[in-house]
Structure formats: C-alpha cells, structure tokens
Amino acid sequence: MKPGWWVAGLLGVVVLGAGGWYWRERAEAAHAIRVPDATAPDSVRIRVQVLNATHVNGLARRATFYLRDHGYDVVLIGNSPDQHDSTVVIDRSGHPRWAADVARTMGNARVEAQPDSTLYVDVTVLVGRSWRPPARPFYP
C-alpha cells in the first residue's frame, strides 16, 4: 500500500466529519430561527413583571433587556420562590392577547390566567430553566 493512500483516506474522514458538523450546526440554527420575533403593539403600554424561576443568576435581568428591546415596559424584576423548567406567562389584567404576545416573544411560553388587581402589572413572566437568552453582540 502506498503511503499517499492513507493520507488521502485520513483527509477524507476529516472533510466528512467537518461537513457533518457544519450541517448539524446549520440545522440547529434554522431550528432556533423558527421562533417568531414578536414585539409589543405600538398602541398600548404593556406593564410586565419578570421573575427568575431558576437558580441561574441574572436570568431575569437578561429577560428584562430582551423584553424591553421588543417594546415591553418591564416595571418589576425579581426572583420567584418557585422553580420552573419552562417559561410561564401569567395574564394579570384580563388581557389574554397581551399575555399571548409576550409568550410568543419569549419563545412560545405557556400562558396562564391569574388575574390580580393588586399588582400594578398586566403580565408576569416566570423565566424557566429552558429559556435561553439570545446571543448579544460583543462590544468591547
């Protein structure tokens, strides 16, 4: 067997492996893009409370920046005493459409109705473990 054949075989394996990685990364990126990029309606101010329902530090803050970038008015931020695997959006003011819009913005989160007139918010977002903040550009 000539020494050049094993080099060509090794090169072929490397190229095929890299091609598989490339297509897997593209498929994952395409899956992430499928979530609609919703924004708040222009004609209304939706007051949002964001609560971190995980042990991940800073997740409510990241969700706050994300929601504000999409036009929502985050007026309260904090931690939830309960832990959640997935993100839950709670309608507090009897406006299910607003809660659905916030849920779509957060990546199709589950929506629940728990009206509470003592809170000064329209929607409460319980950020769960499965929510991943979008990548932000690095500005040195």
Side-chain angles (χ1 to χ4, degrees):
M1 185 175 195
K2 294 184 180 180
W5 286 106
W6 70 271
V7 172
L10 181 61
L11 183 62
V13 169
V14 169
V15 168
L16 287 175
W21 170 82
Y22 172 78
W23 288 109
R24 184 175 58 248
E25 290 294 318
R26 284 189 51 109
E28 288 176 6
H31 176 70
I33 294 171
R34 289 185 191 146
V35 175
D37 192 21
T39 59
D42 292 331
S43 61
V44 69
R45 176 180 171 227
I46 301 174
R47 295 174 310 245
V48 180
Q49 174 186 31
V50 177
L51 299 177
N52 185 351
T54 71
H55 292 295
V56 178
N57 290 332
L59 198 58
R61 183 176 60 83
R62 294 286 304 271
T64 295
F65 291 147
Y66 180 71
L67 287 169
R68 285 180 177 163
D69 286 346
H70 285 82
Y72 295 99
D73 186 13
V74 179
V75 295
L76 294 171
I77 183 172
N79 293 315
S80 171
D82 301 322
Q83 302 296 303
H84 291 274
D85 288 329
S86 59
T87 300
V88 179
V89 176
I90 303 171
D91 175 18
R92 298 292 191 182
S93 63
H95 293 93
R97 179 68 189 158
W98 294 354
D101 288 345
V102 173
R104 192 171 57 250
T105 302
M106 292 297 291
N108 294 324
R110 187 175 79 233
V111 178
E112 295 179 2
Q114 295 178 12
D116 188 346
S117 61
T118 63
L119 296 174
Y120 186 67
V121 296
D122 299 306
V123 174
T124 298
V125 177
L126 300 172
V127 183
R129 240 181 313 240
S130 64
W131 186 74
R132 297 289 179 257
R136 300 197 68 137
F138 178 68
Y139 297 112

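None of these values were measured; they are calculated from a predicted model.
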For residues [X] and [Y], report the shortest heavy-atom separation together with the two atoms involved.
X: Arg97; Y: Arg104; value: NH2-NH2, 4.0 Å
X: Asp91; Y: Pro96; value: OD2-N, 3.4 Å
X: Ala103; Y: Val111; value: CB-CG2, 3.4 Å

Answer with yes or no whether the hydrophobic clustering places [X] together with [Y]; edges join I, L, V, M, F, W, Y residues whose side-chain heavy atoms lie under 4.5 Å apart.
X: Val89; Y: Tyr66; value: yes
X: Val102; Y: Ile90; value: no
X: Val123; Y: Val127; value: yes
X: Leu119; Y: Leu76; value: yes
X: Val88; Y: Val125; value: no

- Qualifying residues under side-chain contact (heavy atoms from CB on, under 4.5 Å), relative to Pro133, sequence neighbours excluded: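 With neighbours one apart ignored, the set is Leu59, Arg62, Trp131.
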- Message: Taking side-chain contact (heavy atoms from CB on, under 4.5 Å) as the definition, give me every residue that meets it alongside Val75, ordered by chain and number, with sequence neighbours left out.
- Response: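 Testing Val75 for side-chain contact (heavy atoms from CB on, under 4.5 Å), a comparison that skips the adjacent residues, returns Arg45, Arg47, Asp73, Val121.
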- Message: Just to verify, what does Ser43 make a side-chain hydrogen bond (donor to acceptor under 3.5 Å, both in side chains) with, not counting sequence neighbours?
- Response: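 side-chain hydrogen bond (donor to acceptor under 3.5 Å, both in side chains) check on Ser43 returns nothing, list empty.
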- Item | Set of residues satisfying side-chain hydrogen bond (donor to acceptor under 3.5 Å, both in side chains) with respect to Thr54, sequence neighbours excluded |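 Thr54 satisfies side-chain hydrogen bond (donor to acceptor under 3.5 Å, both in side chains) with Asn52 once adjacent residues are dropped.
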- Which residue pairs pass the side-chain hydrogen bond (donor to acceptor under 3.5 Å, both in side chains) test when at least one of the two sits in residues 76-87, sequence neighbours left out?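 Only Asp85-Arg129 qualify under side-chain hydrogen bond (donor to acceptor under 3.5 Å, both in side chains).
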- Roughly how far, to the nearest 0.5 Å, is the CG atom of Leu126 from the CD atom of Gln49?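 One finds 8.0 Å between CD of Gln49 and CG of Leu126.
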- Hey, what do you get for CG (Asp101) to NE2 (His70), rounding to the nearest 0.5 Å?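 Between Asp101 CG and His70 NE2, I get 12.0 Å after rounding to 0.5 Å.
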- Message: List the residues meeting salt bridge (charged side-chain N to carboxylate O under 4.0 Å, His left out) with Arg110, not counting sequence neighbours, and say none if there are none.
- Response: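 In terms of salt bridge (charged side-chain N to carboxylate O under 4.0 Å, His left out), with neighbours along the sequence ignored, Arg110 is linked to Glu112.
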- Item | ring pair (Phe, Tyr, Trp, His ring centres under 6.0 Å) partners of residues 96-126, not counting sequence neighbours, each pair once |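 Qualifying pairs, neighbours excluded: His95-Trp98.
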